[in-house]
Every structure is written in C-alpha cells, then in structure tokens.
**Q** 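Input: one structure, supplied below.
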Amino acid sequence: MAQLTRRSANLLKPFSASVSATRHLTTSDTTPITVETSLPFTGHKIEPPSRSVETTPKELLSFFRDMALMRRMEIAADSLYKAKLIRGFCHLYDGQEAVSVGMEAAITKKDCIITAYRDHCIFLGRGGTLLETFAELMGRKDGCSKGKGGSMHFYKKDSGFYGGHGIVGAQVPLGCGLAFAQKYSKDENVTFAMYGDGAANQGQLFEALNMSALWDLPAILVCENNHYGMGTAEWRAAKSPAYYKRGDYAPGLKVDGMDALAVKQACKFAKEHALKNGPIILEMDTYRYHGHSMSDPGSTYRTRDEISGIRQERDPIERIKKLILSHDLATEKELKDYEKEVRKEVDEAIAKAKECALPDSSELFTNVYKKGFGVESFGADRKELRAVLP
Amino acid sequence: MAAMLQSFGVATASVGFSDHSTKLSGFSVHSLPVIRSEGRSISGPINGTRKTGKVITKAVAAQAESPASAASKPGHELLLFEALREGLEEEMDRDPRVCVMGEDVGHYGGSYKVTRGLAQKYGDLRVLDTPIAENSFTGMAVGAAMTGLRPIVEGMNMGFLLLAFNQISDNCGMLHYTSGGQFTIPTVIRGPGGVGRQLGAEHSQRLESYFQSIPGIQMVACSTPYNAKGLMKAAIRSENPVVLFEHVLLYNLKERIPDEEYVLNLEEAEMVRPGEHVTILTYSRMRYHVMQAAKTLVNKGYDPEVIDIRSLKPFDLHTIGNSVKKTHRVVIVEECMRTGGIGASLTAAINENFHDYLDAPIICLSSQDVPTPYAGTLEEWTVVQPPQIVAAVEQLCQ
C-alpha cells in the first residue's frame, strides 16, 4: 500500500490554504519496479535500449500528478480561449504530456530544452507555475514573460527552458547553439531541441544537424510526431515520414511517445549517447487531441473515430493509471479525487491570474534594448549622460 | 584621425611609411612596435603599453636610434581589416566567452583577412569554420548567446545574411523582449557589404535598409581604421545584438591609430569636418566621396560640415540636430537605395524633429533603385559620385 503523506507546497500556492483536508497522492517509496514499454524501440544506425524500464512508485505517482495537472491546465486554457480571455494563437498539448514528463524524469534542470510554440506543458515540467502560465496567456504582467510574449513565448532561464518560438523550425539551430555553448563550457549537459513532424521538413534542421554532427555537439533532436503538420497529414507532407531515419549519418530512435516510461528510457539513453558521440534524433510517436491551435477544430482533416480511438487505446494518463492500479499504489477513488483536486487548483490559479494587472503602458518600451554601455536611445535633445564604459 | 587613403580599390596591401621610404621588416618582440606587412598578425601584449620604440631599418645591426628620436608620431599604422582584427583579438583576449563563427574564418583566415591567425591562436572552437548554412549558424550564434556566450557571426558578404533574416529579426532582435528580459543576445553580426568593383548584383547589396526596422538590434557602419576598431570593440561589449556594416572597398584604408586601448560609443556620430554652410550626413564609403566633393566645394567657397553618422540605428540626433541648428541645410549622401533606405528614415527623422530649423528641403542622394549592374560604367552611375554631391550643395545653397 502506498503511504500517503501531506504534500509539500510544491505545486500548491500559499493562497490555497483552504485545500488542506484531502489526502494528496505522494509517496517516498522508491522500491524499484520494472515495467516493459508498450512497444520495442526501433533504432536507426544504433542499437536501441532495452524495453525494460526501471521505475519506482514515487516516480509513477509523480508522473500521474504532473500529467493530470498538465491535462487539466490545457483544458482550462481551451475554455479561457473560448471565453476570449486568451487571444491570438493558443496551441494545446493535451495528449502529448508523456513526452514532457518522461523527458523531465531522465534529465536535470541543467540540461536545456528548447521547443516550438506548443510549450505550456513543457514550461510546467521545467518548473513553471500555473499562475505564471495563466497570467502570461491572459497577457498580465505577472506572466513568465511579463505578458509581452504570449502563448508562444514561454521561457524559464533558471531551469534551462529556452522557449517558446513561433516560427516553425527556427528553434532547432538555436538548440544547436545551446549545445555548442555547453560544449564550449565543457559542462557535461545536453540540449533537447524539440520540433514537430511539420518542422522536420525545414532545411535549417538539416543544416543544424550537419553542424552538430561535425563538431560532436551534445544536441538531441526530438521530433514530436503527432502525425499532422497543422492541417496536413504527415504522409501528404513528407516523402519519408520515418523522421528518426532522416538524420542519415546521425543515429535515431523511434519511441512510443504516449508511454512516459518509454520516453524516459529513450531520453536517458540519448543523453548518454550525446555526451559521448554527438547528436541523435528521437522520434516520439505521439498524438494531440486538440486541433493544431484553438482556431483549428481539428476534425476537418481527421475523423472523430481516430481521435477517440487513440484516447481509448493509447492515452498516456490512462496508461500510468493502469500501472498504478495494477501495482496497488493507489485506489481508483484516490486517483479520481486527485484529479478533482487538480481541477480546483487550476481554477484557483485562473482566478488569481484574472485578478493580475495588465502590464503598465511604459512596459511597451522596456526590454527592447538592454541598458548599458552606449545603448540609451536618446531623443532629439539628449539630456542624459552617456553611459560609462564597463 | 585623418585617414590616409591608399586607394579606393581592392588593392593588395602594401606597407609604406611617410617617414621612411624603405620597406620595414616585422619584428614580434615585446617592446617593439609590430610593423604590419601583408597579413602579419599582432603578437605584442594587448593590455600592456606598446612603446613607440626603435624602428629598425636594416637587418644588419646599425647604430641604434635612441627611443626619444624614434617614430615621430604616436600610435601605429595599419589597414582597416587589421584594425578590425586588432579589436577582435583584444576582446577575445579580454573575455573568454567571445567567439567567432562564419565561413572560412578559421583555417582560411577570413575571406577579407579579418580573422587571420586567430584560429591558430584560440583554437577551432573559438574561431569556428561553419558550413555554408547562414540561417542555421546565425541561429546557433543566437542560441549560444542565450546561454551567455558572446558570438560574432561573420557573413562572408552581407548579402548572404538575407538567408538568415528570420534568425536576425525574430530571434536576435526580439528574444530579449518576448522573454520579458530573461535573455540577452549579445551577438555581433558583421560582414562586408556595399557596391564593390563589378561584383554583380547579388554581391553588391546594402542590407542596412532591410534591417533598419527590426526592433531590438543596433546598427553601426565603420568607415576608417580608427572607428572600425573602436566600433568592433564596442559592439562586442554591448549586451544588445549589433550589426556592424563594413564595406568591401574600405578594407585596405590605412590610418595611424592610438596604441592605447579605446572603445567608441555605438550611438555617436563623427564630426569629420566642421563647417557653417551646409550639413552633409553620410556613412561608410560615401564619406570618401563626400570628402572629395568637399575639397571641390571649399575651392568654390563653400564651407560644408561633414558628419559621418556611424550609428545607423538609432540615429545620433543630438549631433545631427546641433549641426542642423547651425547650418539650416542638409544633404544626405548614402549608398542605400532610394526607396526605404537609411536616408529616407533620416530625412523623416530630421523633418520631424528639426523642421523649424530648416531653410530648405532636405536633399537625399542615394543609389538608384536598380540591381547593381556588372558593367563598370553602369555600376558607377548607380552610386552617388562626387560631382553630384557638389551640384546638390550648390543647388541647396543658392
């Protein structure tokens, strides 16, 4: 039986003192459990890792907690968008949560992650808070980017999350730059540069991969293949949808992206490989339940049967739930109660975010340049002293 | 510092001193000034004082000159590309985070010799030879800058950086803003641009007009060895992304620059020739056409004030404004195209801010809105020539 302990104020904010009575789903039990991944890994020019993954009750429960929070957050963002509190573009990650939690389980905060615009859950996985997320989505000044970035520009420098990028594929050369800096400073960390199956057809990816392989940069290119590049299915956009093979000279691994343990195994394997041998491509076979973004219903280019089929057979949260129940780590009721709690937590965060102030109008001009040496933009009558040379 | 012009063209580097007619051999001994011959790189102490000591004219030990009567002028002479290299090297010595990446910058030494010898000194990782992939290596530089490195991206020709436009505009320029100030991007993007000697349309581009609207970047254009070195150092030390525009035809300009370390202000314009009658604003290569025209104008009795604006974004409206308030007439001479060029923006800025001080409309002389033709005569007609500048000033000062 799992020991249920009072959870530390990790995800819960101080304002939620009212949420106290219910039991929280944690344990400090670290007895190893070996689980077989749903599918074997397929390798390209590399010997794939074994299907048996070591995990612990603590980890499984944390997977469930994190994924439940991410799922709930995305669904809440959906409602907020429809209520016109979130504007512009909003790309939701529900269905793909296993990639984020599996990756986090295999790496540290010193490793870097960079991704495209479907970044809310990855931000959360890197240590972002719900309040920062919702405030940024609603354009408030307490958001992670002070309300000036929006849905597509979440960043968290202190935990190695480099965003949050709107232009498809442009983040991959940046990711190789992060890996270059890691090699330059010799700090034994890796970079996970994430992109989608749509971005896999961008030329700059191959350019970046060429350079990473040339200089043995510790870059791991992660293709989150959800099979649709916006409204176009992968078989209509790519002559060769085997994205893990696209690296040619760079080894690749195809992973079931709906299985958090498989993702964890693959990321661990990839990190070890990249530190020694240079870049490797991971293809995460995953799926998104929502459309490309909130402006896309997601049903014009795929059938509802397909979506509900995947939800029934491959849903990442259901899989972890089954594992938890089969290993008697928690009861069904406890899991359901937890999900209700998560819902409450998210609702509270939204309420708090709604009360946050909009950015001041002076913020329009801040952070365009960094003030310092020779940088002040003087007006026609320069009255300010010139900056002192550092 | 007045620049001594060897030639306008892309001539081979030669060494000459006004004081000594014989060719001097280079020595790399600490206390001696290193005389520059073709491509020899500096190897004296960077931060120590470089004495203006003995200058040895003959290989055979002759009567040593006393240090006091040695080189009569302070400083050392060098060519513009060497000045860039000197600035670059000083900054790389000073800060281990500074690195260079670009095509042929390492082993080849740079297609314009700006990075000659640096790869041997700092290693292949710090002076990185990239494949021909502007988009991605510029992106790589931005990613590296996000972690704290200070990369310098060299575009072999500025025109090639059009391929990296997305990275420069969205990532370089905007990341500081969209991340709410979390990341700074201290990159320098530099390279030669401008109309050369019959290089053809695609290799004669002036990108300052395309980049000028990008929020978050600064643009500077160097025109003499003195300001090339100073602006290079300033750009490297700046926390913001800076685009440093060099010109293909100016790399072999020779000038005497100070031995002491100096850094210039990125946002300041340079007063080349003070005057009273008309303000002529220019930058980069056109400065020399303007100075040529100024000679003619002075002979005709005019007193032009020539300002090299240097900072293309933002404009140094302080210096420019003071000049306009004095002369009340403005001519802008630039190498950009007429449409949407730097001159167009500058005209608008001056009109908005100093309209009351102008006695006449601003005349803006720019290149023609055509792809640069190959034929020499046609190419000459696309850029502004000194007689046109003279005519414009005469017309303005009627």
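All figures in this text were calculated on a predicted structure; none of them were measured in a lab. To find a chain, count down the sequence lines: A is the first, B the second, and so on, and within it residues start at 1. Below, each value reflects all heavy atoms present in this structure, side chains not excepted, and no hydrogens, waters or symmetry copies.
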**Q** Hey, does the side chain of Q204(A) reach the backbone of N135(B) with a donor-acceptor pair shorter than 3.5 angstrom?
**A**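 A pair under 3.5 Å: no.
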
**Q** Mind checking whether F180(A) and L128(B) have side chains closer than 4.5 Å, heavy atoms only?
**A**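 A side-chain contact under 4.5 Å exists here.
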
**Q** Would you compute the distance between atom OH of Y369(A) and atom NE2 of H176(B) and round it to the nearest 0.5 angstrom?
**A**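 Rounded to the nearest 0.5 Å, the OH-NE2 separation comes to 11.0 Å.
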
**Q** Please identify, among C99(B), G216(B), P151(B), the residue contributing the most non-hydrogen atom pairs under 4.5 Å to chain A.
**A**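 Looking at each option in turn, the highest pair count goes to G216(B).
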
**Q** Check whether I167(A) gets within reach of chain B through its side chain, its backbone, both or neither, counting any heavy atom under 4.5 Å.
**A**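 For I167(A), the contact with chain B is made by the side chain alone.
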
**Q** Okay, side chain of N240(B), backbone of K370(A): is any donor-acceptor separation there less than 3.5 Å?
**A**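 Yes; at least one donor-acceptor contact below 3.5 Å.
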
**Q** Could you tell me which portion of L364(A) (side chain, backbone, both or neither) has an atom closer than 4.5 angstrom to a non-hydrogen atom of chain B?
**A**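 Contact with chain B involves both backbone and side-chain atoms of L364(A).
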
**Q** S179(B) versus H153(A): any side-chain heavy-atom pair under 4.5 Å?
**A**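 When only atoms from C-beta onward are counted, H153(A) and S179(B) do not touch, as no gap falls below 4.5 Å.
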
**Q** For each of K146(A), K157(A), Q182(A), K141(A), tally heavy-atom pairs with chain B at distances under 4.5 Å, and name the one with the top tally.
**A**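 The candidate making the most pairs under 4.5 Å is K157(A).
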
**Q** Please classify the contact of T191(A) with chain B as side chain, backbone, both or neither, using a heavy-atom distance under 4.5 Å.
**A**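 No part of T191(A) comes within 4.5 Å of chain B.
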
**Q** For L214(A), is it the side chain, the backbone, both or neither that has a heavy atom under 4.5 Å from a heavy atom of chain B?
**A**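 Looking at L214(A), just its side chain touches chain B.
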
**Q** Can a donor-acceptor pair be found, under 3.5 Å and without considering hydrogens, that links the side chain of Q182(B) to the backbone of Y162(A)?
**A**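 Checking the backbone N and O of Y162(A) against the side chain of Q182(B), no donor-acceptor pair under 3.5 Å is found.
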
**Q** Let me know if E363(A) has heavy atoms under 4.5 Å from chain B in its side chain, its backbone, both or neither.
**A**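 Only the backbone of E363(A) comes within 4.5 Å of chain B.
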
**Q** May I ask you to check whether Y184(A) and R126(B) show a side-chain donor-acceptor distance below 3.5 Å?
**A**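 A pair is found: one side chain offers a donor N or O, the other an acceptor, under 3.5 Å apart.
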
**Q** Report the C-alpha separation of L175(B) and H165(A) in whole Å, then their side-chain angles, then the decisive distance to 0.1 Å, and conclude whether the side-chain contact (heavy atoms from CB on, under 4.5 Å) test is met.
**A** CA-CA 9 Å; L175(B) 270 173; H165(A) 296 272; 3.9 Å; yes

**Q** Is it true that the NZ or CZ of K148(A) lies under 6.0 Å from the centre of Y177(B)'s six-membered ring and within 45 degrees of the ring axis?
**A**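 Ring-cation test returns yes.
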
**Q** Could you measure the distance from the CD1 atom of I114(A) to the CE atom of M146(B)? Nearest 0.5 Å is fine.
**A**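 If we round to the nearest 0.5 Å, I114(A):CD1 and M146(B):CE are 5.5 Å apart.
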
**Q** How about W215(A) and D129(B): do any of their side-chain heavy atoms sit closer than 4.5 Å?
**A**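 Sidechains of D129(B) and W215(A): no contact.
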
**Q** Donor-acceptor check, side chain of T147(B) to backbone of A181(A), threshold 3.5 angstrom: yes or no?
**A**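 Such a contact is absent between T147(B) side chain and A181(A) backbone.
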
